[in-house]
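Notes follow once the structure below has been shown.
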2 protein chains.
Amino acid sequence: MATKAPTARERQREETRERILEAAVEAFAEMGFRGASTREIARRASTNQGLITYHFRSKEDLWRAAADGIFERLGAQLAERMEALDLTDPRERAREAIRQYVRFAAAHPELFRIMVDEGRVADDRMKWLVDTHLRPRFEVIAPGLMEVAGIDEALVPHAFYAMAGAASLMFAVAPECRRLTGLDPRSTQAVETHADYVARLLVP
Amino acid sequence: MATKAPTARERQREETRERILEAAVEAFAEMGFRGASTREIARRASTNQGLITYHFRSKEDLWRAAADGIFERLGAQLAERMEALDLTDPRERAREAIRQYVRFAAAHPELFRIMVDEGRVADDRMKWLVDTHLRPRFEVIAPGLMEVAGIDEALVPHAFYAMAGAASLMFAVAPECRRLTGLDPRSTQAVETHADYVARLLVP
DNA sequence: ACTGAAATTATTCGATTGACAAGCCAGTGG
DNA sequence: CCACTGGCTTGTCAATCGAATAATTTCAGT
């Protein structure tokens, strides 16, 4: 069955939803779940707070939708770019995967920020995040990590979190980094340097 | 001039202040500045909210006092333990310094959590944190980093944030790590493994 | 053109926030 | 032994929170 062409109404609806979602990702990443108010999110999306309850049932649901969006982007970008490259050497392929992850972390610091925000306490949001998004990714990464970094299975969690931290922290605290070191982590120069540094660190 | 022996009154005062401060560190690390309410902090310290305003002028001041405490502990522990070791080889000394930092990050995940919380937006708390605590430490670490990791000066910020992230993330999101990988990062086994892994990673 | 449903705005609610003021009361100094 | 200071408790304040509901506007289908 053919999906009907969306009416102006439906396009408007989707565009509004998307605008709210975008604002939510930013706000949650900036101020955490509790810190970001639905009113502030609405303000950033140039609407009003009532619309959020209308489009998403609750703040909790809005947060989940925002997290879905981030991981969807991560998966899409990584898959697309790795496919385009077609590297045969597993070590060089692993290095490039890490570089791509660093580039993503630089462009979307929200991912890391939300992970750190929600990973601290074993509440429902954390469990949902692990079960629906983190575990699937982890299980894909883990075997490659063992093979390429030349490490024992027991070291996999250590390598995983070391890589994630090394790759992301600088961009997650970009304003701090800028003030502390004078280096702006958002410049393409800095991103590429970091990508290469971390890739060589983990896959010598 | 001899400092007078503290009266029971003064001892009580100091003990209460300390209890509030301890609770504040935990709460801020767990829920961020905005997420942690002064009432919740008071509850954890087994007192009431009014006392917080009494001992510390405002929530902002309480936060600064909490940050002071964390960095004071970090400085004291690192200085003490490194002095005790007396390593001559600069590379082995650097490795041990990193191991010590990992151990501290494991015992006090608050440091990293608060850094990530406050480093995202260039507000007053971030600026204060950088100027009073981060920069002094960074300027001590930077020269050693260049010498030992064998890197160019331009790479120092990259190495610094890579190390901090690699060392701390696992412990900052300990509940998540436990659920995701099955490994409990708080076990001494895991801490030592991580310390050694990160130390060898950065100083090969 | 009309109508009814959908999208949006406006209003309201009870709960919670940080800050503050007033008073309580144990312990200290005289 | 007593006055009173200082740590502490309680109650209140406006502001803000998430959520629900009411009112209004917009537009697709007839």
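- C:dA7 atom P lies 14 Å from atom CZ of A:Arg11, rounded to whole Å.
- Within the 4.0 Å cut-off from OP1 or OP2 of C:dT8, at least one side-chain nitrogen or oxygen of A:Thr16 is found.
- Using a 4.0 Å heavy-atom criterion, one finds that A:Gln49 contacts the bases of the nucleic acid, with or without backbone contacts as well.
- Taking atom CD1 of B:Ile52 as the reference point, atom P of C:dC20 lies 14 Å away to the nearest angstrom.
- Residue-to-nucleotide contacts include a donor-acceptor pair under 3.5 Å from the side chain of B:Arg39 to the base of C:dG18.
- Taking only side-chain nitrogens and oxygens, A:Thr53 never comes nearer than 4.0 Å to OP1 or OP2 of D:dA20.
- When heavy atoms are screened at a 4.0 angstrom cut-off, A:Ala36 is found touching the sugar-phosphate backbone but no base atom.
- Rounded to whole angstrom, the span from the CD atom of B:Glu10 across to the P atom of D:dC8 amounts to 12 Å.
- When rounded to the nearest whole Å, the span between CD of B:Glu40 and C1' of C:dG18 equals 15 Å.
- B:Tyr197 and A:His158 have tilted rings, their planes meeting at an angle from 30° to 60° on a 0 to 90° scale.
- As rounded to whole Å, 16 Å separates atom C1' of D:dC8 from atom CD of B:Glu14.
- Checked against a 6.0 Å centroid threshold, the rings of B:Phe171 and B:Phe112 do not count as neighbours.
- In this model, the phosphate group of C:dT16 is not approached by any side-chain N or O of B:Ser37 to a distance below 4.0 Å at OP1 or OP2.
- Per the geometry, CZ belonging to B:Arg13 stands 14 Å off P belonging to C:dT28, to the nearest Å.
- Here the shortest heavy-atom pairing between B:Ala67 and B:Leu129 reads CB-CD1, 4.2 Å.
- Nearer the 5' end of DNA chain C, as judged by each residue's closest nucleotide, is the contact made by A:Tyr54, out of A:Arg34 and A:Tyr54.
- A distance-only check finds a donor-acceptor pair linking the side chain of A:Arg113 to the backbone of A:Ala172 [under 3.5 Å].
- In summary, the aromatic rings of A:His194 and B:Tyr161 are positioned with their centroids too far apart to meet the 6.0 Å limit.
- Here D:dA23 presents its C1' atom at 13 Å from CG of A:Asn48, a figure rounded to the nearest Å.
- Nearest nucleotide to the B:His55 side chain, out of C:dA19, D:dC8, C:dT28: D:dC8.
- Put simply, CG on A:Leu51 is 13 Å from C1' on D:dT24, counting in whole angstrom units.
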